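Indexing begins at 1, ligand by ligand and atom by atom, following the structure's order. Everything numeric here is computed off the predicted structure, so don't read it as measured data. Numbers here simply count residues along the sequence, with the first being 1.
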Amino acid sequence: MHRLTNRRILLGITGGIAAYKSAELTRQLKTAGADVRVVMTPAATEFITPLTLQALSGNPVHLQLLDSDAEAGMGHIELAKWADLILIAPASADFIARLAAGMGDDLLTTLCLASDAPICLAPAMNQAMWRDARTQQNLASLKQSIDIRVFGPGSGAQACGDTGMGRMLEPAELALLCAEQFETLALSGRTVFITAGPTREALDPVRYISNHSSGKMGYALAAAARDAGARVRLISGPVSLPVPERVECVHVESAEQMLAAALDGLETCDLFIAAAAVVDYRPVAVAEHKIKKGADEIMELRLTKTPDIVATVASSPQRPFTVGFAAETRDVLAYARDKLARKKLDLIVANDVSAAGIGFNSDDNAVTLIGADVSDTLPKTSKQQLARQLINRIAEHFHEQTDTSGQDS
Ligand code: PMT
């Protein structure tokens with residue numbers, strides 16, 4: 001089921017008594033980490049209310065093809081492109097017939113025509129309708145012409161009193177079959193927290209202490225972790241980058257706020273990566289009003305240490321696998337090893353920020369991944385490419401550790 005993390009499932013519900021099971025199916029898909037959007041045919045709304053599906057999916061339910069509100073927000077073409085997989089459950093004989101005929105006379109058939117996503121059908125109908133040669137012919141022609149998968153139906157007692165083939169599979173079975181349509185990735189089902197960007201430590205209402213971090217490295221890591229199947233929380237200082245799709249982002253300013261966001265829900269986090277350039281010292285006091293220029297040539301600031309976020313995470317009782325970065329301008333590997341030990345990290349990414357064209361605010365980077373028995377040099381490349389390499393290697397070490405400690409499989 002981990003394979004459903006971050007996946008976008010479009011659940012189509014057509015008219016049939018089994019529609020009541022679609023509520024539980026929605027819940028199970030959501031619990032497995034999928035983002036679910038529901039499309040109902042008019043007949044489906046006679047069996048179960050859109051409000052129920054809206055509450056369970058956490059998204060508005062789509063009902064009509066020609067809906068000016070929807071077209072302004074997520075219209076039928078956007079929905080068709082949005083889906084990673086379309087699951088029609090229950091799929092009535094009528095819907096299967098219209099799909100096989102290539103009709104686009106309602107929202108659901110139109111979406112199926114317009115989408116490149118695989119379509120899965122969970123048929124549910126009376127046993128005689130299922131056995132009918134026309135239903136079987138429609139299914140055979142669909143299988144021949146498009147990427148369609150048919151889940152079930154099962155056999156047993158039917159709502160109409162008959163017994164035989166035509167029962168919709170149970171929600172748990174359907175959710176599992178959906179998950180099996182996706183491959184298992186390096187971080188499938190894992191939750192990853194990533195800090196990124198600089199922090200800002202206020203001096204007065206208009207001034208702050210900060211650094212040149214652009215957030216590019218951390219944001220690239222977030223996208224790479226997402227692509228590796230993880231549920232990602234990006235904890236970002238102020239940067240001007242768009243948040244990667246399917247990544248939850250908590251925007252913060254100061255080190256204190258970054259720490260609070262890191263500790264919030266830490267028990268759900270499997271892997272913590274600290275790529276942020278956290279300001280080490282903040283002013284002891286923040287002036288209430290803008291500090292005025294005085295007559296003195298020199299002004300002294302009293303600073304105090306900010307909390308060490310990654311060290312706090314690594315020492316917490318719910319300690320996730322913890323990876324830090326070390327931005328150094330000299331003796332890079334030695335200082336990085338020192339931080340690895342002092343902050344009690346599992347791995348550290350040594351980053352020589354004195355070299356031209358890499359490090360702070362550049363598009364490229366080059367690093368060395370260091371652990372107790374690891375020293376892995378990753379030469380200069382784009383931050384996106386480097387992030388993918390790092391996530392793959394970090395995932396390998398994470399699995400080695402969790403497998404040997406018997407915590408997980
Ligand atoms: O953002 P970009 O422009 O893309 O640049 C990327 C980067 C150079 C910022 C990034 O690759 C990097 O090296 N990040 C770490 C920057 C840093 O502040 O390193 P540090 O050696 O000072 O800190 C060591 C580790 O402790 C880091 O994981 C840091 O996030 C963490 N730390 C530091 C201080 C603090 N108060 N709390 C922390 O969690």
Is atom [atom1] of [X] surrounded by more than 12 heavy atoms (other residues, nucleotides or ligands) closer than 6.0 Å?
X	atom1	answer
Arg330	CZ	no
Tyr208	OH	no
Tyr20	OH	no
Arg319	CZ	yes

Check this for me - ligand 1, [X], N or O atoms closer than 3.5 angstrom, yes or no?
X	result
Gly215	yes
Ala311	no
Ala277	no
Ala327	yes

Distance from [atom] to nearest protein heavy atom, with residue and atom:
atom	answer
atom 34 (C) of ligand 1	Asp280 OD1, 3.3 Å
atom 32 (N) of ligand 1	Lys343 NZ, 3.8 Å
atom 23 (O) of ligand 1	Phe325 O, 3.8 Å
atom 31 (C) of ligand 1	Val310 CG1, 3.7 Å
atom 1 (O) of ligand 1	Ser213 OG, 2.6 Å
atom 21 (O) of ligand 1	Lys339 NZ, 2.4 Å
atom 2 (P) of ligand 1	Ser214 OG, 3.4 Å
atom 14 (N) of ligand 1	Ala275 O, 3.0 Å

Looking only at side-chain N and O atoms, does [Y] offer a donor or acceptor that is under 3.5 Å from a partner on [X]?
X	Y	value
Thr26	Gln28	no
Gln401	Asp346	yes
Asn138	Ser141	no
Gln158	Arg167	no
Asn59	Ser57	no

Between [options], which one has a non-hydrogen atom sitting closest to [atom]?
atom	options	value
atom 4 (O) of ligand 1	Lys305, Glu328, Lys383, Arg342	Lys383
atom 10 (C) of ligand 1	Asp364, Ile358, Asn351, Val279	Asn351
atom 37 (N) of ligand 1	Ile309, Val239, Asp363	Ile309

[X] to ligand 1, any heavy atom closer than 4.0 Å:
X	answer
Gly197	no
Ala255	no
Gly218	no
Val367	no
Pro307	yes

Hey, which atoms in ligand 1 end up nearer than 4.0 Å to a heavy atom of [X]?
X	answer
Lys216	1 (O), 2 (P), 4 (O)
Ala274	27 (C), 28 (O), 30 (O)
Asn361	2 (P), 3 (O)
Thr306	36 (N)
Asn365	11 (O)
Phe360	3 (O), 5 (O), 8 (C), 9 (C)
Met217	4 (O), 6 (C), 11 (O)
Gly324	28 (O)

message = Is there a salt bridge (Lys or Arg N to Asp or Glu O under 4.0 Å) between Lys81 and Asp116? Walk through the geometry before answering.
response = CA-CA 7 Å; Lys81 289 185 182 151; Asp116 290 332; over 6 Å; no
Report yes or no: does [X] contribute a side-chain atom to a donor-acceptor pair with the main-chain N or O of [Y] at less than 3.5 Å?
X	Y	answer
Lys216	Leu241	no
Thr135	Ala93	no
Ser22	Ala89	yes

ask   = Taking Phe321 as the fixed residue, which of Ile273, Leu347, Leu345, Val192 is the one that meets the side-chain contact (heavy atoms from CB on, under 4.5 Å) rule?
value =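 In the set Ile273, Leu347, Leu345, Val192, the residue that makes a side-chain contact (heavy atoms from CB on, under 4.5 Å) with Phe321 is Leu347.
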inquiry  = My understanding is that only one of Val349, Val374, Asp376 makes a side-chain contact (heavy atoms from CB on, under 4.5 Å) with Arg393; could you say which?
reply    =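 Going through Val349, Val374, Asp376 one by one, the side-chain contact (heavy atoms from CB on, under 4.5 Å) with Arg393 is satisfied by Asp376 alone.
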request  = Can you see which heavy atom on Ile194 is nearest to which on Ala225, and at what distance?
outcome  =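 Heavy atoms of Ile194 and Ala225 come nearest at CD1-CB, 4.3 Å.
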task = Would you verify whether the NZ or CZ of Arg233 falls within 45 degrees of the ring axis of Phe193 while also being under 6.0 Å from that six-membered ring's centre?
result =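 Yes.
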ask   = Where on Ile348 is there a heavy atom closer than 4.0 Å to ligand 1, on the side chain, on the backbone, on both, or on neither?
value =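 Near ligand 1, Ile348 shows nothing, with every heavy atom at 4.0 Å or more.
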